[in-house]
Amino acid sequence: MPRSRRYDGGYFEITAISSAPVEHVMSESHRDPSIGTHEASSGEGMVYWQVALPGPLQMLFTYGVPADVSARAGMRVWVPLGKGQRMGVLWSPAEKETEWVIKPVLSVLDDEPLLDEELLACLGWAADYYHFPLGETVLAALAPSLRQGRSLHELAWRILPSGEQALADGTLRGARQRALLERIAQTPQGVSESQLRDFPKAVRLRLADLGLIEPFEQMMPSTWPVLAEMSGNKLPAPDLNEAQSAAVSAVAACLENFGVWLLEGVTGSGKTEVYLNLISRVLAQGRQVLILVPEIALTPQLVTRFTDRLGLVPAVLHSGLNDGDRLNAWLAARSGDATVVIGTRSAVFQPFADLGLIVVDEEHDGSFKQSEGFGYHARDVAIWRARRLGVPIMLGSATPSLESLRNVSLSRYHLLTLPERAGGAAMPDIRLLDVRQQRMRGGLSDDLVAAIETHLLAGGQVMLYLNRRGYASNLLCHACGWVAECAHCDSFMTWHRGVNRLRCHHCGFERQPPSVCPNCSATLSPRGLGTEQLEDVLTGLFPGFGIERLDRDALSRVGELDRRLARIQSSEARLIVGTQILVKGHDFPHVSLVAVVDADQALFANDFRGAERFAQQLIQVAGRAGRASRAGTVLVQTHQPEHVGLNRLIHAGYASFAQTLLAERAEAGLPPVRAAAMIRADARDADAPRELLTHMADWLHEHLADPADSPLDVWGPVPAPLARRAGRYRYQLLILADDRPRLHAALSQLESWQGTRRTKGIRWSIDVDPVDMA
DNA sequence: GAGTGAACACGG
DNA sequence: CGTGTTCACTCC
């Protein structure tokens with residue numbers, strides 16, 4: 001006889017997706033209200049656990065879990081904390097003896113660990129390495145809905161024999177009731193609540209009251225399309241050239257072992273084919289693959305390429321995903337249903353059933369490093385995981401980071417090179433254009449204008465790279481020198497003529513530009529070239545040739561990038577103007593000329609990584625030229641044609657330039673040769689951050705000044721490159737050490753300053769391996 | 001981080 | 001003396 005139950009509102013509340021997990025319990029025993037009382041803590045039958053709690057509390061808290069409940073590290077628990085309650089993750093079993101009165105957990109939210117041993121170990125390492133609170137770190141590995149305490153189980157409904165009977169008899173009168181019953185009858189194993197959204201809740205309740213259907217809890221299914229077997233969907237793999245084959249076979253021979261493989265391939269050399277080949281091999285073994293890409297490189301085209309070639313649907317993780325999709329991808333990766341996961345940096349914390357290979361594309365890209373909050377570097381976390389899992393990891397780039405090149409020279413990484421462009425395309429010819437004393441029209445010298453014209457008339461496309469968006473970098477009064485400044489930062493405001501607004505690119509502050517100088521009422525004139533203005537200038541010089549502008553302003557709407565890329569692909573647009581976005585991985589096969597409009601601005605960047613970044617951008621943007629049969633030309637406008645670094649880069653190539661930079665870093669005692677961390681502090685008060693950091697610096701000197709030991713340098717405090725940002729004054733302190741343990745020890749010491757983290761409105765944070773010094 | 005209570009500041 | 005405000009401290 002089927003069980004017939006009445007369902008009170010409370011039951012549905014509990015299972016509702018958004019309900020507080022405090023009430024969501026996995027077994028009857030948790031519902032016992034006595035567990036919530038203090039007396040239980042001293043009683044028998046409790047197992048003690050250290051629990052990681054989100055928040056700035058970087059220590060673990062001990063709670064009791066009833067002995068009859070299965071508890072394992074990686075399960076979520078709902079615990080009392082102070083007056084409130086919050087979610088935590090079981091971390092490790094604890095000793096019974098503590099000086100605290102141990103409170104019992106209110107409920108255990110999972111009946112199996114959400115995070116496996118490897119991922120927990122990874123999170124523990126990352127929290128330690130990046131000096132970030134463990135509880136917050138753990139959240140990085142949970143999909144947002146899991147952070148909010150959503151259960152991995154969900155309510156589902158299945159039909160009862162009396163329901164079958166009712167359908168057969170046709171006794172059910174209500175049309176909606178019959179429709180729902182029929183829907184549920186279609187799937188004998190049950191239909192989850194979320195798939196029944198189309199039917200009002202009341203209808204379900206009514207059917208349940210009539211004893212026709214019953215609810216039950218089921219593990220949330222991962223609904224991932226599995227197309228792997230549909231081999232007809234795969235596009236054939238092109239033949240690999242010699243270098244590609246060599247790279248593939250080197251790694252393929254070591255698929256069962258950890259190893260870091262740096263694939264250094266000039267742009268257009270077919271790195272992706274090497275990835276695809278290796279990925280296919282790993283998939284053939286039934287294992288999963290994680291592909292990490294920089295933020296801007298994760299485009300629909302890239303995903304399409306993987307989909308078409310591998311004949312499956314990769315799970316794609318990026319910032320635009322909603323919570324539902326994220327949970328789905330998380331589940332699919334954890335269950336193994338998603339065999340390929342492509343994502344930006346946060347995907348590195350994804351759980352996997354059986355990961356067999358990690359690929360980090362464009363490994364030099366700065367967007368792999370999170371600079372605020374939990375300052376992890378996705379590439380480095382990925383390497384940690386690969387080592388722990390005993391699987392290979394491939395880092396690909398045309399312009400590898402100095403870190404990776406150094407690790408190659410220390411024999412920590414294996415180097416694989418693809419020296420030639422696939423398909424025999426010629427390397428672009430890079431030339432400097434001396435613009436000293438030259439007549440400039442809208443930032444373009446006559447020589448450059450002539451070159452553009454030649455290429456356009458020859459039927460080619462021309463791409464102009466300028467790393468400054470907006471119309472003009474600022475509005476200036478020619479009479480008195482007044483410049484539009486941001487009210488909240490020490491910066492000038494950029495004039496965006498299209499929308500006629502002044503914008504601060506550092507804090508987002510916007511305002512209407514004044515019509516005349518607020519100081520002397522003279523007319524204001526734009527100064528400094530931005531992409532918007534360049535677009536105007538080109539329209540004037542080359543009317544009739546379509547222009548496409550690619551920058552963050554132009555691409556705010558979804559799908560806009562695709563539309564513009566399509567116009568470029570079809571040669572509808574012959575001139576392309578853009579910022580950084582041009583640098584990242586898009587193929588523009590008809591571009592025959594690339595112009596770097598202003599090399600000087602990047603050449604004299606104020607932090608020591610400026611040269612490295614510029615070199616990478618120049619080489620990457622140069623790689624956009626002549627990808628098909630035509631050899632491309634790259635022209636670089638500069639006032640410094642004799643610049644030593646620039647000439648070495650152009651004539652000897654990136655690898656040689658990078659070795660010189662590395663030697664310079666060793667000489668100067670800078671990363672990656674030495675280990676670095678940046679302490680940043682900011683406050684509304686102008687002096688407070690500097691005082692705090694001075695204090696820290698003194699303290700570090702006092703406590704760590706051990707001349708016999710390897711040196712530890714403390715530089716600063718100095719005002720941050722943008723000394724005032726969004727109304728807060730910013731200072732920073734750079735700590736350099738000869739080796740990591742030494743740096744680590746110093747940073748751990750600093751954590752005793754934790755209490756001062758929020759005093760006097762000062763916020764401060766530790767950034768290990770800082771990427772940009774700003 | 002959020003909640004708490006002690007210390008301090010201020011009005012009439 | 002009541003009440004508003006800042007600040008340091010705890011949370012298992």
Side-chain angles (χ1 to χ4, degrees), chain A residues 20-22 30 34-67 69 71-110 120 123-124 127 130-142 144 146-149 370 372-375 680-689 691-692 695-696 699 727-728 750-766:
Chain A
V22 62
H30 294 150
S34 73
I35 286 172
T37 64
H38 260 271
E39 291 79 43
S41 65
S42 54
E44 286 303 305
M46 282 286 172
V47 178
Y48 292 84
W49 277 86
Q50 306 249 73
V51 176
L53 296 175
L57 317 138
Q58 87 279 51
M59 67 285 234
L60 291 161
F61 283 61
T62 307
Y63 288 90
V65 178
V69 176
R72 278 191 286 156
M75 291 181 179
R76 293 170 303 162
V77 286
W78 191 249
V79 298
L81 180 71
K83 289 229 149 187
Q85 302 172 344
R86 69 176 66 190
M87 200 203 78
V89 172
L90 293 183
W91 190 255
S92 58
E95 291 302 313
K96 206 166 179 174
E97 295 83 34
T98 35
E99 50 187 305
W100 312 104
V101 178
I102 307 272
K103 292 184 185 174
V105 300
L106 297 168
S107 64
V108 178
L109 299 178
D110 303 302
L120 286 170
L123 294 164
Y130 293 108
H131 293 266
F132 197 70
L134 179 62
E136 293 276 294
T137 305
V138 168
L139 295 183
L142 296 174
L146 298 171
R147 279 175 221 164
Q148 289 150 26
Q370 185 148 68
E372 313 226 305
F374 177 24
R680 299 173 214 280
D682 68 74
R684 298 214 162 270
D685 183 275
D687 293 325
E691 281 163 16
L692 174 71
H695 227 108
M696 279 189 188
W699 191 86
R728 299 181 69 90
L750 276 185
E751 278 181 2
S752 60
W753 289 63
Q754 162 75 5
T756 45
R757 252 183 215 234
R758 290 186 313 127
T759 48
K760 283 179 276 178
I762 308 173
R763 293 189 309 216
W764 68 274
S765 61
I766 298 174

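So you know, we letter chains A, B, ... as the sequences are listed, proteins then strands, and number each from 1.
The stretch residues 75-86 of chain A participates, sequence neighbours left out, in these salt bridge (charged side-chain N to carboxylate O under 4.0 Å, His left out) pairs: A/Arg76-A/Asp110.
Here the P atom of nucleotide B/dG1 and the CZ atom of A/Arg147 are 16 Å apart, to the nearest Å. With rounding to whole Å, A/Glu136 atom CD is found 9 Å from B/dG1 atom C1'. A/Glu95 has its CD atom 15 Å from the C1' atom of C/dC12, to the nearest Å. Residue A/Gln85 contributes atom CD, which lies 15 Å from atom C1' of C/dC12 at whole-angstrom precision. With rounding to whole Å, A/Leu81 atom CG is found 9 Å from C/dC11 atom P. Rounded to an integer number of Å, the gap from CE of A/Met59 to P of C/dC11 is 8 Å. Between the P atom of B/dG1 and the CE atom of A/Met87 lies a distance of 17 Å, rounded to the nearest Å. Between A/Leu106 atom CG and C/dC12 atom C1' the separation is 12 Å, expressed in whole Å.
At least one side-chain heavy atom of A/Tyr63 sits under 4.5 Å from a side-chain heavy atom of A/Leu81. Within the 4.5 Å cutoff, the side chain of A/Val77 has no heavy atoms near those of the A/Leu109 side chain.
Contact annotation for A/Pro80: backbone-only contact, meaning every heavy-atom pair under 4.0 Å involves sugar-phosphate atoms and none involves a base.
The nearest heavy atom of DNA chain B to A/Arg86 and to A/Lys83 marks one nucleotide each, and the one closer to the 5' end goes with A/Arg86.
A/Glu136 is linked by a side chain to side chain contact (heavy atoms under 4.5 Å, CB included) to A/Pro54, A/Phe132, A/Pro133, A/Leu139, counting only residues two or more places apart in sequence or in another chain.
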